[in-house]
Amino acid sequence: MPRVRFAPSPTGFLHVGGARTALFNWLYARSQGGTFVLRIEDTDQERSTEESYAAILRGMQWLGLDWDEGPQAGGEAGPYLQSERLDIYRGHLATLADGGHVYKCFCSAQDLEDREQAVRDAGGNWEGYDGHCRDLTAEQVAAYEADGKPCAWRLRTPTEGSTFWYDVIVGKREFQNEVLVDRVVFKADGFPTYQFAVVVDDHLMQISHVLRGDDHVSNTPFQILVYNALGWKPPKFGHMPMILGPDKKRLSKRHGATSVEEFRKLGILPAAMLNYLALLGWSPGGSGDEVMDAAAIIKKFSLKKVNSSPAAFDYDKLNHINSEHIKRLSADERLALARPIIAERGWRLDPEWLVAGVADTDSYLARVLGTLGNRFSSLITLPEQIGFFFTDDHFVDQAAWDEHVDTAEAAGLMMALADAIDSGLDLAQAQAAAAFEEVIRTTAEQLDVKAGQLIHPSRVALTGQSRSAGIFEVMELMGARRTVARLRKAADA
RNA sequence: GUCCCCAUCGUCUAGUGGUUAGGACACCGCCCUUUCACGGCGGCAACACGGGUUCGAUCCCCGUUGGGGAUGCCA
């Protein structure tokens, strides 16, 4: 059974790239009956924060990516925070030191910077660490240490031959060892670097497949060298294509939302986000339905179908997938989504409205949502779509108002309709949609106008918008009193 | 600069050594209709370029171009 992991560093929120990486690992584990491990790579003391750590866990949970081992879940291979595994790394560093695979480097950041600048000034190119301390004599090391100079440890990499692996997504990858530099495996602050900790942990946690972003490709040969030095067998590697912005440039804030939590605030359902992310770099194949829930995706998921080319993030398509998911929700699920939205605005049912069969706010909201049908496709526009049912201080589309309501002709028609409803229906009773329809059609005949001429201005007068649910239904749910009052008010204005 | 990777409609993608190159988003048109949405029907739109290999290349190889990544005592 495969064991995979998602290993974010807590230096920021969970962004779409990370979420997609987590998702594919999760999908692979779930589809193969494997284990999904969450590990926090907080070896950068400067940048790791508690806030980011919490945000990442929150993002994972929101998406429904549950982990079998890791923070909160525990597990045999813990601890799962690298900062709690320092002794383990130190032990393996000692092994490497004993074997002569690593050496002490006393170069300071300034030293490195100066030498790089010197190379550039001479018209050359800095190819990475120059091996300055690679062959220090015992005397030189002793001298540096006597001076109290801090040191980092670097891996002694081969200068000939090549390092390669068979990537499960793109096939064979090979790097000439001469281009690999002696990177630091242990920092002067006593913490391992990512390059070292990731190898130790993946091995100790028995990770079988390291599935990560394509930006890690160039790290892989170095890490394989670390595995070799430790005498360990490397896991299988799979590098997934990057997610780019709509303009094919690196995805960044200027493109819009980039963290999963921002999408939550934009009204994206977690199931839709997960669905869309899965479609970025993976495809169910053929011309089947792209709208799927997690279970369906797990069923179809295969690493073989993961693309090798980068994908542009398309907000339009995400929104489409989102509306499809909302459309497939049951009435109860929609109600659960809408409830907090009206609650936070303080909107509730007023018994004076006299709406038939509606006893409380919840049942009223259920009826209101029912009129929306497929028009309910976004959590963000929902308040605009239903606000007029709850308050007189609702959203108004000014352009539609000017065109349909604010004309002498419309005023006359609406006034006549208001009078007809007032005299034809009992305002002290709840009235059904059919009753309103009858009055409107009769009135239209008497005035010798088409029903539409009454309906259009009424719709805008009542809802503030030129688009809404069926107008007779709207009137039923608005109640005859409010219907008449709003029509008159609009006609007078 | 150097190293690595990628390349099918605007976007996400399916696909094959011989196909009318398929689907989805977006866009346009029509139908339905009290509006909008949904739905239905139809349309626009792609194999980056140049060489090979081959009877035949979108597909295989090389190069060019374009894009991305890496080049940290970040991860």
Side-chain angles (χ1 to χ4, degrees), chain A residues 7-12 18 41-44 46-48 82 105 107-109 112 120 123-129 150-154 167 170 173-176 178-181 183-189 191-195 197-198 212-221 239 241-242 244 246-250 276 279-291 305 307-321 323 327 372-377 385 400 404 437 440-441 444 450-456 458-460 463 465-472:
Chain A
S9 63
T11 54
E41 310 217 319
D42 56 345
T43 53
D44 186 335
E46 310 277 287
R47 295 196 288 179
S48 298
Q82 293 188 325
C105 174
C107 300
S108 67
L112 261 14
R120 289 192 193 289
N125 291 304
W126 177 256
E127 309 285 348
Y129 183 66
C151 79
W153 291 82
R154 289 180 183 273
D167 197 282
V170 286
R173 297 265 198 160
E174 181 169 23
F175 284 74
Q176 293 307 309
E178 60 183 329
V179 307
L180 268 23
V181 303
R183 306 183 64 153
V184 169
V185 291
F186 234 84
K187 297 182 265 188
D189 68 359
F191 275 62
T193 60
Y194 157 73
Q195 305 288 166
V198 72
R212 66 213 326 189
D214 197 61
D215 49 336
H216 281 290
V217 167
S218 55
N219 290 327
T220 305
H239 292 91
M242 305 298 288
L244 309 176
D247 56 359
K248 293 272 194 179
K249 300 291 184 191
R250 186 179 242 284
Y276 179 66
L279 258 17
L280 242 31
W282 171 80
S283 142
S287 50
D289 195 357
E290 292 185 321
V291 181
K305 299 291 285 182
N307 253 74
S308 55
S309 53
F313 196 92
D314 183 349
Y315 291 87
D316 283 338
K317 184 137 184 182
L318 201 215
N319 277 124
H320 170 257
I321 297 281
S323 61
K327 274 188 262 176
L372 247 35
N374 284 328
R375 270 175 296 266
F376 184 5
S377 64
Q385 289 178 287
H404 297 287
E437 175 161 16
I440 288 175
R441 298 214 184 274
K450 288 186 193 168
Q453 288 177 263
L454 255 26
I455 289 170
H456 296 311
S458 296
R459 182 191 311 285
V460 182
T463 71
Q465 298 156 71
S466 58
R467 56 181 87 152
S468 77
I471 195 66
F472 313 125

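This one's a predicted model, so the numbers in the text were calculated from it and none came from an experiment. Within every chain, numbering begins at 1; the chains are lettered A, B, ... in the order of the sequence lines, protein sequences first and strands thereafter. Because only heavy atoms are used, hydrogens play no part in the values below, and waters and symmetry mates are left out as well, while side chains stay in.
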Whole-angstrom distance between [N] and [M], as gauged at atom [atom1]:
| N | M | atom1 | answer |
| --- | --- | --- | --- |
| B:U19 | B:A14 | C1' | 13 Å |
| B:C38 | B:C32 | C1' | 11 Å |
| B:U53 | B:C60 | C1' | 8 Å |
| B:G51 | B:U65 | P | 16 Å |
| B:A37 | B:C30 | P | 13 Å |
| B:U58 | B:U16 | C1' | 9 Å |
| B:G43 | B:C55 | P | 38 Å |
| B:A48 | B:A57 | P | 16 Å |

Is there, by distance only and without an angle test, a donor paired with an acceptor across the side chain of A:Lys317 and the base of B:A26 below 3.5 Å?
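Absent.
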Interatomic distance where [atom1] belongs to [X] and [atom2] belongs to [N] [whole Å]:
| X | N | atom1 | atom2 | value |
| --- | --- | --- | --- | --- |
| A:Glu290 | B:U11 | CD | C1' | 12 Å |
| A:Leu280 | B:C25 | CG | P | 16 Å |
| A:Leu318 | B:A26 | CG | C1' | 14 Å |
| A:Asp316 | B:A26 | CG | C1' | 6 Å |
| A:Asn307 | B:G15 | CG | C1' | 12 Å |
| A:Asn374 | B:G40 | CG | C1' | 14 Å |
| A:Leu180 | B:C4 | CG | C1' | 11 Å |
| A:Ile321 | B:C25 | CD1 | C1' | 8 Å |

Find which nucleotide of RNA chain B each of A:Pro241 and A:Glu174 is nearest to by heavy atoms, and output the residue with the more 5' nucleotide.
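Its nearest nucleotide lies further toward 5', so the answer is A:Glu174.
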Do the side-chain N and O atoms of A:His239 and A:Thr220 include a donor-acceptor pair separated by under 3.5 angstrom?
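Per modelled atom types, A:His239 and A:Thr220 side chains form a pair under 3.5 Å.
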Distance under 6.0 Å and angle within 45° of the ring axis: does A:Arg183 meet both against A:Tyr129?
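Judged by the rule (NZ or CZ under 6.0 Å from the ring centre, within 45° of its axis), A:Arg183 is not positioned above A:Tyr129.
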Check every atom of B:U13, B:G10, B:G15 against the side chain of A:Asp314 and return the nucleotide holding the closest atom.
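Nearest listed nucleotide: B:G10.
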Find the distance between [atom1] ([X]) and [atom2] ([Y]) and round it off to the nearest 0.5 Å.
| X | Y | atom1 | atom2 | value |
| --- | --- | --- | --- | --- |
| A:Thr11 | A:Glu46 | OG1 | CD | 12.5 Å |
| A:Ser9 | A:Gln82 | OG | CD | 9.5 Å |
| A:Ser377 | A:Lys327 | OG | NZ | 7.5 Å |

CA sep, side-chain torsions, deciding dist, call: A:His216, A:Tyr194, ring-ring contact (aromatic ring centres under 6.0 Å, His included)
CA-CA 11 Å; A:His216 281 290; A:Tyr194 157 73; 5.4 Å; yes
Contact string for nucleotides 30-36 of chain B, one letter per nucleotide 5' to 3', B = base within protein heavy-atom range under 4.0 Å, S = sugar-phosphate only, - = neither, reads ----BBB
Nucleic acid footprint by protein, nucleotides 61-75 of chain B - heavy-atom cut-off 4.0 Å, B for base, S for sugar-phosphate alone
------SSSS-SBBB
List for me each residue that meets ring pair (Phe, Tyr, Trp, His ring centres under 6.0 Å) alongside A:Tyr276, sequence neighbours excluded, and say none if there are none.
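Expected list: A:Phe313.
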Polar side-chain atom of A:Glu127 near backbone of A:Val179 as donor-acceptor pair, under 3.5 Å:
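Pair absent, no side-chain N/O of A:Glu127 close to backbone of A:Val179.
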Which nucleotide, if any, forms a Watson-Crick or G-U wobble pair with [N], using both distances under 3.5 Å?
| N | answer |
| --- | --- |
| B:C3 | B:G69 |
| B:G50 | B:C62 |
| B:G18 | B:C55 |

List the steps and the verdict of side chain to side chain contact (heavy atoms under 4.5 Å, CB included) for A:Leu244 and A:Met242.
CA-CA 6 Å; A:Leu244 309 176; A:Met242 305 298 288; 4.2 Å; yes
Just to be sure I understand the rule, does A:Ile440 reach a base, reach only the sugar-phosphate, or reach nothing, if contact means heavy atoms closer than 4.0 Å?
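Since no nucleic acid heavy atom lies under 4.0 Å of A:Ile440, the category is nothing.
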Would you classify A:Gly281 as touching base, sugar-phosphate or nothing, given that sugar-phosphate means primed atoms plus P, OP1 and OP2, and contacts are heavy atoms under 4.0 Å?
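If one applies the 4.0 Å heavy-atom cut-off, A:Gly281 turns out to touch the sugar-phosphate alone, with no base involved.
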Taking A:Asp214 first and then A:Arg173, would you say they form a salt bridge - that is, a charged N and a carboxylate O separated by under 4.0 Å?
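A salt bridge links A:Asp214 with A:Arg173.
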Report, as yes or no, whether the 6.0 Å neighbourhood of atom CZ on A:Arg120 holds more than 12 heavy atoms from other residues, nucleotides or ligands.
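Count over threshold, so yes.
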